[in-house]
Amino acid sequence: MHAPATSNRRPTDVQPASDLLGLSPMRLSQYPINTTKETPAEAEVLSHQLMLRAGMIRRVAAGIYSWLPLGLRVVRKVENIIREEMNRAGALEILMPAVQPAELWRESGRWSEYGPELLRLKDRHDRDFVVGPTHEEVVTDIARRELRSYRQLPVNFYQIQTKFRDEVRPRFGVMRGREFIMKDAYSFHVDDASMAAGYAAMREAYTRMFTRMQLNFRSVQADTGAIGGSASEEFQVLADSGEDAIAVSDGDGFAANVELAPAAAPSQPRAAPGQPLEQVVTPRMKTIADLSAFLATPREQCLKTLLVDGADGGVVALVLRGDHELNAVKAQKLPGVASPLRMASATTVQGATGSEPGFLGPVGLKCPIYADHAARNMADFVCGANAPDLHLRGVNWGRDLPEPAAADLRNVVDGDPSPSGAGKLRIVRGIEVGHIFQLGRKYSQAMNATVLDEAGQAVTMLMGCYGIGVTRIVAASIEQNHDERGIIWPEPLAPFHVVLIPLNLQKSARVRASADALYAELAAAGVEVLYDDRDARPGVKFADAELLGIPHRLVLGERGVDAGSCEYRYRRGSDNQDIPLATVTAFIKARLAP
RNA sequence: CGGGGCAUGGCGCAGUCUGGUAGCGCAUCUGCUUUGGGAGCAGAGGGUCGCAGGUUCAAAUCCUGCUGCCCCGACCA
């Protein structure tokens, strides 16, 4: 480190010894913040744009970011709330390595199961390692070494640590980065009841955390995905920019990720055939939309046939109503379907049907066929004829082709009935910030993690695992809290509580004396204050304060100093309020009181 | 990984089609003025035009290859 080259730097403020979190007050003249008026071209979503403009983060590579002082303070706020609530729930903080030996992953089976998302590397001795995307293996290894008796259970270990997942498509800044900070927790239990209790405790802890962070969120039923296990819920922050679709019932408490939300079978019986089967020429009509327009037939009267790779190397046909979308999570769970789901290649389709995609239909198809409940309920429908530029019209199950196997294959849509029958589903967007699972014995069995029970018998432990995307929360909060001027931090996440803006600081000794004194007073009172003592015009300071989203603003000008008052403004408000200088600190403390 | 696009001072862009001395705004530095909502004037610094080949008297510009990044589809905190 070099000493500052210029002499206009002021000595660093004395920091309270108790400030272990780096959340001390700050003079802006000592921090080379770079805010911008223009939005960097790389940023698509608002939170990403604002984080770059406010100087919170900088991109290093695709999906990999540095956190600058201002951004890091917010990360620390999020971490602290998580830490407090995890500790309150009785969890124990640990820290596991980012780089892990391949042996553990071979033991769990995930060395081969996990795809290219797992970053693998070799050390100098040519030994295999991974950069941890998650820590079930390492924590299970700890548990099997440290835990001997049922009397030591239940236990919940958690850490807040950097993860790496080589995402196919990192995007939206830290919303979906490849490297990110995650809180991951793992609980160990001797029986199902204990695992369920541990899960419930985490659900409550998560609810408390996200409530404290003032996020608008809700929990939803979720797919267990690559982590595995049984019961699972996601905590979704509601935002239109969210990547997840959530189905929420207006009639009961049901809420689930669309991946998982069951689509009810139609309650009406299928109509009787009313039209004769006929072939129609449909040149180049390869999509449902084109076909529907060409034949002047509603999309819901057309049948969509998709060929996917089978588990045994063949293909499987999945049939949907024309206006419905395939649900990959549901489909890949069907017997005979490859998991993860893969669409059959064009050449495979040609070989299996004699046609190119776009003219497929279930009539005369030789491979296994699954029809979605809604598709199976159609009568007199239109479908491909398995020949180029030809479709069939007036097709009927049972009459023109065998009844297909029925399955739930589609995404639920707005207006679908809730699974319980009470109410209708609405589809909203969400950002997944937390996910809790009951894992059961998936890892403990594979890695032989046992304890002795009351009878002295070795029993395999049950596990739960609980994740939170720490850095993602920062972006999610911005998505929910901003206006045209910038970020509006909820107080618990704000990098600073108060921004103190002196006007004409360089010229007015009175303002400087008052502002310096007020800054010292606020800092001494434990207020996290950002002192904008830069030699800049008022407009610049106001604009930056609003971009940065500091919740409380104090402005001190010569007029105010002479009148013995300071001007206060709340970031969400539009009115100014004059506060006697002598009572400013008390006023702020009162506003900050929980 | 497939499809589309972009790559020119720190940031945002023009210039490329039609080859000929690299330009604008913001930011930065100096001086003066200004000081309650992103100041004005005068001056200054900063770019191997992503990389490597090729064509040409001459390449940011044309050709080939590579790399990086962004956007659209299957994964997840």
Side-chain angles (χ1 to χ4, degrees), chain A residues 6 32 34-45 48 52-53 55 58-64 78 82 114-118 133-134 160-185 206 222-227 234-237 243-244 257 259 308 326-329 331-332 340-343 345-346 431-437 465-476 485-486 501-508 511 535-547 555-560 567 569 576:
Chain A
T6 50
N34 274 320
T35 57
T36 62
K37 278 184 273 192
E38 282 171 313
T39 303
E42 71 189 58
E44 173 82 355
V45 294
H48 190 197
L52 289 170
R53 288 187 51 207
R58 292 291 181 245
R59 191 181 62 81
V60 176
I64 299 177
V78 173
I82 292 172
Y114 226 104
E117 203 177 300
L118 179 63
T134 174
I160 296 174
Q161 188 244 22
T162 298
K163 299 280 185 279
F164 194 93
R165 295 184 187 174
D166 202 351
E167 296 278 350
V168 185
R169 186 147 131 63
R171 60 181 146 177
F172 303 157
V174 298
M175 192 92 84
R176 174 171 300 281
R178 291 194 292 174
E179 184 178 299
F180 59 100
I181 299 173
M182 177 169 163
K183 187 284 299 180
D184 47 327
Y206 275 37
D223 182 51
T224 51
I227 308 266
E234 290 167 349
F235 287 77
Q236 294 274 357
V237 165
E243 294 184 89
D244 286 3
N257 195 304
E259 288 179 341
V308 300
L326 178 67
N327 180 306
V329 169
Q332 69 197 12
L341 191 77
R342 285 187 309 271
M343 300 303 292
S345 69
I431 300 164
E432 183 190 350
V433 294
H435 201 159
I436 59 178
F437 302 78
C465 88
Y466 319 94
I468 293 182
V470 173
T471 37
R472 181 179 282 180
I473 285 174
V474 177
R485 295 180 171 185
I501 300 181
L503 301 177
N504 210 357
L505 187 68
Q506 315 309 326
K507 287 283 173 60
S508 170
V511 169
D535 181 14
R537 296 169 65 84
V540 173
K541 296 185 179 186
F542 293 148
D544 276 348
E546 281 153 357
L547 175 61
V555 177
L556 198 54
E558 272 194 313
R559 272 202 324 258
E567 183 185 285
R569 182 145 160 184
N576 294 332

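Letters go in sequence order (proteins before strands), and every chain restarts at 1.
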In the structure shown, which nucleotide is the Watson-Crick or G-U wobble counterpart of [N], with both distances under 3.5 Å?
N: B:G47; answer: none
N: B:C1; answer: B:G73
N: B:U64; answer: B:A52

Exercise for the section: Let me have a per-nucleotide readout for nucleotides 28-36 of chain B, 5' to 3', with B, S or -, counting only protein heavy atoms under 4.0 Å. Expected result: ------BBB
Practice task
Pick base, sugar-phosphate or nothing for A:Val168, based on heavy-atom distances below 4.0 Å to the nucleic acid.
Solution key: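 Base contact - A:Val168 has a heavy atom under 4.0 Å of at least one base atom.
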Problem - Touch class at under 4.0 angstrom, heavy-atom based, for A:Asn34 against every strand present - result: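 It contacts nothing in the nucleic acid.
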Exercise for the section: Counting heavy atoms from C-beta on, name the nucleotide in B:A27, B:C75, B:A77 closest to the side chain of A:Lys37. Expected result: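 Among B:A27, B:C75, B:A77, the one nearest the side chain of A:Lys37 is B:A27.
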Problem - Nearest-neighbour nucleotide for the A:Phe172 side chain, B:C71, B:A77, B:G37 considered - result: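 Among B:C71, B:A77, B:G37, the one nearest the side chain of A:Phe172 is B:C71.
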Handout entry: Check: B:C76 base within 3.5 Å donor-acceptor of A:Arg176 side chain
Key =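 Under the 3.5 Å cut-off, the side chain and the base do form a donor-acceptor pair.
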Practice task
Determine the Euclidean distance between corresponding C1' atoms of B:C70 and B:C29; express it in Å to zero decimal places.
Solution key: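 It works out to 33 Å between them.
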Exercise for the section: Please measure how far the P atom in B:A52 lies from the corresponding atom in B:C6, and state the result in whole Å. Expected result: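 Nearest-Å result for B:A52 against B:C6 at atom P: 22 Å.
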Handout entry: Under 3.5 Å side-chain donor-acceptor pair for A:Gln236 and A:Asp244
Key =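 Yes - a donor-acceptor pair under 3.5 Å links their side chains.
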Do any N or O atoms of the protein come closer than 3.5 Å to N or O atoms of nucleotides 2-13 of chain B, and which pairs are they?
unit_1: B:G12; atom_1: OP1; unit_2: A:Ala41; atom_2: N; d: 3.1

Problem - Closest-nucleotide ordering on RNA chain B, the 5'-leading residue of A:Ala62 and A:Gly467 - result: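 The residue whose closest nucleotide sits nearer the 5' end is A:Ala62.
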Problem - Check: A:Thr36 main-chain N/O paired with A:Arg53 side-chain donor or acceptor under 3.5 Å - result: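 Such a contact is found between A:Arg53 side chain and A:Thr36 backbone.
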Exercise for the section: Sequence neighbours left out, what passes ring-ring contact (aromatic ring centres under 6.0 Å, His included) with A:Tyr206? Give chain and number order. Expected result: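 Here the qualifying residues are A:Phe210, A:Phe235.
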